[in-house]
There are 2 protein chains.
Amino acid sequence: MKTLRVPEATVTRLSIYSRYLERLDRNGVTTVSSGEIAEGVGVSPAQVRKDLAYFGEFGTRGVGYNVKDLMRYTKKILGLDQEWPLILVGAGNLGYALCTYKGFNSRGFKIVGVFDNDLTKIGKKIAELEVLPMEKMPEIIQEHKARIGIIAVPPRAAQDVADFMVKNGLEAILNFAPVALNLPEGIEIRNVDLSVKLEILTFNLGFKSAQRL
Amino acid sequence: MKTLRVPEATVTRLSIYSRYLERLDRNGVTTVSSGEIAEGVGVSPAQVRKDLAYFGEFGTRGVGYNVKDLMRYTKKILGLDQEWPLILVGAGNLGYALCTYKGFNSRGFKIVGVFDNDLTKIGKKIAELEVLPMEKMPEIIQEHKARIGIIAVPPRAAQDVADFMVKNGLEAILNFAPVALNLPEGIEIRNVDLSVKLEILTFNLGFKSAQRL
DNA sequence: TAGATTGTTAATCGATTAACAATC
DNA sequence: TAGATTGTTAATCGATTAACAATC
């Protein structure tokens with residue numbers, strides 16, 4: 001792997017190519033061109049080739065890419081050739097949905113601990129897993145060698161949860177609470193905001209109406 | 001509103017500024033500078049001013065921005081000065097979580113119909129709403145003048161649901177299924193992929209380990 | 001007035017695309 | 001060989017940032 005800086009957009013697309021290749025493979029397709037991938041996921045063929053070029057040469061000129069091989073390469077690049085144990089905080093509706101979300105399991109993600117500080121939730125079961133009090137987190141992190149945490153709590157609690165996760169050794173956080181978190185250098189953090197994309201839609205609908213006037 | 005093309009990243013940030021301003025307002029802050037907003041959401045002060053400049057002049061030189069006013073302006077720009085009725089298809093765990101998600105309501109989004117084609121789900125209640133069969137969708141869309149649909153079904157069903165939504169007049173779709181949808185020109189579509197950001201994290205964790213070698 | 005902060009221009013930076021030699 | 005498609009370079013495009021005049 002080159003130590004060149006890879007644009008985050010490239011990694012995002014790689015994840016999408018990867019899933020598309022899985023589908024092609026399931027459908028029995030053995031060879032694919034950059035143009036077909038591009039068509040399938042909605043980007044340009046040059047984009048596909050450029051993205052892949054950050055990591056190596058995976059195709060055959062005049063022929064295209066072997067679907068199975070490229071699928072494996074892309075998953076390997078993304079780190080999906082291994083299982084990733086996840087620590088989840090927040091056993092509300094969103095937490096429940098994430099626990100049962102098949103899209104995680106199929107990519108090698110496995111939630112190994114669900115935590116909450118709400119006494120009415122602790123002890124309940126979510127898909128095989130008992131909701132645990134926060135104090136148990138260090139133990140579970142150690143047991144599974146977890147490195148990634150997911151925050152699915154209300155905004156006001158998110159920073160405390162993040163601090164607690166970092167204190168206990170987690171290195172990366174996926175945050176579903178709509179707030180910017182303050183974390184020490186070196187901790188990877190990404191936000192998933194369920195409402196932002198919806199607001200892009202409302203913006204665009206309004207914008208189009210305005211232009212029609 | 002200028003008819004200039006606005007970068008999508010600007011709209012995304014506007015949504016984030018807007019939420020941050022709401023928080024400042026709740027905390028009783030009356031005036032804020034571009035530098036403080038930048039600090040609060042993690043971008044550069046120039047970025048904040050540039051983003052706002054697409055839509056007008058909202059500040060006072062030497063002073064900053066009035067929090068309440070700027071909050072109202074940003075919400076208006078995003079189309080959040082009105083209620084948006086939403087049509088949701090998919091009454092599984094994710095659908096359930098979205099129905100009860102407070103982040104939607106607080107921004108003026110209101111799910112007015114939940115649909116599924118699973119007979120075991122139809123008739124059940126999710127937070128005041130009865131899960132309806134797909135055939136009822138046209139009626140509900142008309143009744144509420146809904147323009148936006150949310151897809152929370154498994155990937156293989158997503159395209160059919162999208163086609164059905166478009167056929168019944170919806171103009172914009174938020175898609176939680178991890179597939180690229182094919183839709184006619186003019187239909188706004190955005191995907192929310194719960195797993196992609198997680199894969200960016202695993203990529204970065206792997207990348208960092210590789211660089212340490 | 002002196003200090004502060006906006007709005008905006010120009011410079012910089014980075015990402016996408018077009019084009020084509022390499023090569024199957 | 002002729003046709004196809006990759007990998008890569010150079011050109012283009014667009015977004016971010018630095019800098020500063022305007023002005024409170």
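Per chain, numbering begins at 1; letters A, B, ... match sequence-line order.
- Among all heavy-atom pairs drawn from B:K121 and B:A91, the shortest one is CD-O, 3.7 Å.
- For the pair A:L52 CG and D:dT8 C1', the interatomic distance rounds to 13 Å; values are reported in whole Å.
- When the side-chain nitrogen and oxygen atoms of A:R13 are compared with OP1 and OP2 of C:dA15, none of them lie within a distance under 4.0 Å.
- A heavy atom lying under 4.0 Å from DNA chain D marks the following residues of residues 59-74 of chain A, by number: A:G59, A:T60, A:R61, A:G62, A:V63, A:G64, A:Y65.
- Taking atom NZ of residue A:K50 and atom P of nucleotide D:dA10, one finds them 11 Å apart after rounding to whole Å.
- A 6.0 Å sphere centred on CZ of B:R23 holds no more than 12 heavy atoms belonging to other residues, nucleotides or ligands.
- The shortest heavy-atom contact between A:R13 and A:V43 is CD-CG1, 4.0 Å.
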Working for side-chain contact (heavy atoms from CB on, under 4.5 Å), residues B:V166 and B:I173: CA-CA 9 Å; B:V166 171; B:I173 293 176; 4.2 Å; yes

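- Close to C:dA15, at under 4.0 Å from its OP1 or OP2, lies a side-chain N or O of A:R5.
- The CD-C1' distance, from A:Q47 to D:dT6, rounds to 16 Å in whole Å.
- Minimum interatomic distance between B:S15 and B:R107 (heavy atoms only, all atoms of both residues): O-NH2, 3.4 Å.
- Of all heavy-atom pairs between B:L181 and B:I189, the closest is CD1-CD1, 3.8 Å.
- In a base pair of the Watson-Crick type (N1 to N3 plus N6-O4 or O6-N4) or a G-U wobble (N1-O2 and O6-N3), with each distance short of 3.5 Å, D:dT23 is matched with C:dA4.
- Atom CD of A:E8 is separated from atom P of C:dG14 by 15 Å (rounded to the nearest Å).
- Using the Watson-Crick or G-U wobble rule with both distances under 3.5 Å, D:dT12 pairs with C:dA15.
- In this structure, CZ of A:F58 is placed 17 Å from P of C:dC24, rounded to the nearest angstrom.
- Non-hydrogen atoms lying under 4.0 Å from DNA chain C are contributed by B:S33, B:S34, all within residues 33-41 of chain B.
- Between the P atom of D:dT9 and the OH atom of A:Y54 lies a distance of 13 Å, rounded to the nearest Å.
- Ring geometry for B:F104 against B:F109 counts as perpendicular: the plane angle is over 60°, on a 0 to 90° scale with 30° as the lower cut.
- For the pair B:R49 CZ and D:dA19 P, the computed distance is 13 Å after rounding to whole Å.
- Across the protein-nucleic acid pair, A:F55 atom CZ and D:dT6 atom C1' stand 18 Å apart, rounded to whole Å.
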Test side-chain contact (heavy atoms from CB on, under 4.5 Å) applied to B:W84 and A:E199, step by step: CA-CA 10 Å; B:W84 288 91; A:E199 293 175 24; over 6 Å; no

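- In terms of heavy atoms, B:I87 sits closest to B:A146 at CG1-CB, 3.7 Å.
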